[in-house]
Amino acid sequence: MTTSSFIPGLELSRHFYLEAVRPLLEEAAPGVTHSAARLGSGSEVLGFDTARSADHEWGPRLQIFLHSQDVPRHGARITALLSERLPKTFRGYPTHFASAGEADIRVMQTTDGPVHHRVEVTEPGAWFTAQLGFDPRTGITLADWLATPTQLLAEATAGAVFHDGLGELVPARAGLDWYPHDLWLHLLACQWRRVSQEEAFVGRCGEVGDELGSAVVAARLVRDLMRLCLLMERRYPPYSKWLGSAFARTPQAPALTPVLTAVLAATDWHTREDHLARAYEAVAAVHNQLGLTDPVDPATRPYHTRPFQVLHADRFTAALSTRITDPDISSLPMTGTVDQFVDSTDVLSDPVLTRAATSGLLAP
């Protein structure tokens with residue numbers, strides 16, 4: 001593979017569609033309506049890819065969407081023609097993807113034979129259902145929102161649509177763009193509750209000489225604050241590999257990153273707690289700037305009679321909860337989405353919730 005410089009994956013896929021795939025598509029199925037996009041898994045979809053990404057599952061790839069009745073009529077012919085006629089390389093990158101010998105992982109590789117390409121031919125309902133577990137074109141239920149990891153919602157709403165001849169991808173993605181308002185308030189309340197459940201543990205672990213445990217709790221709180229900032233900015237938090245990269249793009253990152261880094265670097269619980277207090281107050285100020293509730297005092301304070309400095313983040317949970325008017329949402333347990341639910345203190349201390357989490361019985 002010879003490339004003069006790295007081309008971001010979305011840009012590569014856009015040109016690949018316009019210059020290589022679309023002309024062959026029009027030859028294989030002239031007049032057949034289609035849409036084209038690069039959605040789903042992959043660092044390039046979220047805009048975090050680098051030259052390192054090219055070592056697996058990255059390259060000139062995309063989805064072609066047809067009407068459901070057109071997939072059995074034309075899908076196999078399109079796939080075969082692309083295999084026979086696509087250029088072996090595009091902008092210096094192989095269009096052939098060979099098995100990496102691990103599960104279904106594939107990597108770009110030159111070939112002299114037919115191209116095993118990564119142009120998926122499908123229909124919107126099948127793709128969305130495989131990606132999310134439901135088809136947003138037919139409506140999104142409260143259970144759909146709660147049971148879908150934010151990583152998957154990010155993958156479905158990020159990326160790029162290159163052409164929407166079907167007229168279905170753009171409105172479907174718009175419907176997934178963000179949670180309904182009252183549900184957003186509920187999820188913010190649940191995220192603050194996660195903070196409230198563990199904020200005193202940093203000091204309590206340290207007080208009994210467990211600095212390692214204190215550091216682990218602090219790291220969890222840093223993660224929860226980062227996710228909270230993303231939720232406040234109406235951005236789906238990605239999974240752990242890209243959480244820091246996504247957080248770095250929030251307006252809060254320039255001021256908060258040094259503070260959160262200091263929390264993680266601290267070697268004693270008092271220092272750790274001091275830095276966390278600064279972080280709590282900064283994030284609390286952002287909450288007040290949103291104007292979603294009446295102002296909540298952002299100052300930290302002692303944890304009841306114990307000598308630990310906390311925010312008492314449950315105050316923000318209460319303020320947000322009082323603004324929810326949808327009865328179906330106001331009656332939900334304070335466990336939030338699947339991301340907030342699976343390792344919350346509530347689940348870990350409640351055998352009924354634990355069984356629900358491990359048996360896939362999550363329901364609003």
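In this structure, E233 has no salt bridge (Lys or Arg N to Asp or Glu O under 4.0 Å) partners at least two apart in sequence or on a different chain.
At least one donor-acceptor pair under 3.5 Å links the side chain of R106 to the backbone N or O of F97. The backbone N or O of Q191 lies less than 3.5 Å from no partner atom in the side chain of R227, so there is not a single donor-acceptor pair. Checked by atom type and distance alone, the side chain of Q63 pairs as donor or acceptor with a backbone atom of L39 at under 3.5 Å. Side chain of D144 to main chain of T141: a donor-acceptor pair is present (N/O by atom type, distance under 3.5 Å, no hydrogens or angles). Under a 3.5 Å cut-off, the side chain of T122 and the backbone N or O of F65 do not form any donor-acceptor pair.
Cluster annotation: L169 is not connected to L46 through the hydrophobic network of ILVMFWY side chains, with a link wherever side-chain heavy atoms come within less than 4.5 Å. Neither L12 nor V115 shares a network with the other; the hydrophobic side chains, linked directly or stepwise wherever heavy atoms of I, L, V, M, F, W or Y lie under 4.5 Å apart, form separate groups for each.
Distance CZ/F201 to CG/L221: 9.5 Å, rounded to 0.5 Å.
Shown here for E44 and E57, the closest heavy-atom pair between the two residues is OE2-O, 4.3 Å. Taking both residues in full, the closest heavy atoms of D135 and G125 are given as OD2-CA, 3.4 Å, listed atom of the first, atom of the second, then distance.
There is a side-chain donor-acceptor pair under 3.5 Å between T293 and H287. In summary, the side chains of E281 and T300 do present a donor paired with an acceptor at a separation below 3.5 Å, with no hydrogens or angles considered. Between the side chains of R235 and T250, no donor-acceptor pair of N or O atoms lies under 3.5 Å.
Centroid-to-centroid, the aromatic rings of F90 and Y17 stay 6.0 Å apart or farther.
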Side-chain donor-acceptor contacts of residues 310-320 below 3.5 Å, not counting sequence neighbours, with atom names and distances?
{"residue": "H312", "atom": "NE2", "partner": "P302", "partner atom": "O", "Å": "3.4"}
{"residue": "R315", "atom": "NE", "partner": "L311", "partner atom": "O", "Å": "3.3"}
{"residue": "R315", "atom": "NE", "partner": "H312", "partner atom": "O", "Å": "3.2"}
{"residue": "R315", "atom": "NH1", "partner": "D297", "partner atom": "O", "Å": "2.9"}
{"residue": "R315", "atom": "NH2", "partner": "D297", "partner atom": "O", "Å": "2.9"}
{"residue": "R315", "atom": "NH2", "partner": "L311", "partner atom": "O", "Å": "2.8"}
{"residue": "T317", "atom": "OG1", "partner": "A189", "partner atom": "O", "Å": "2.8"}
{"residue": "T317", "atom": "OG1", "partner": "R193", "partner atom": "N", "Å": "3.2"}

message: Walk me through whether E207 and R306 qualify under salt bridge (charged side-chain N to carboxylate O under 4.0 Å, His left out).
response: CA-CA 11 Å; E207 187 181 54; R306 295 188 174 187; over 6 Å; no
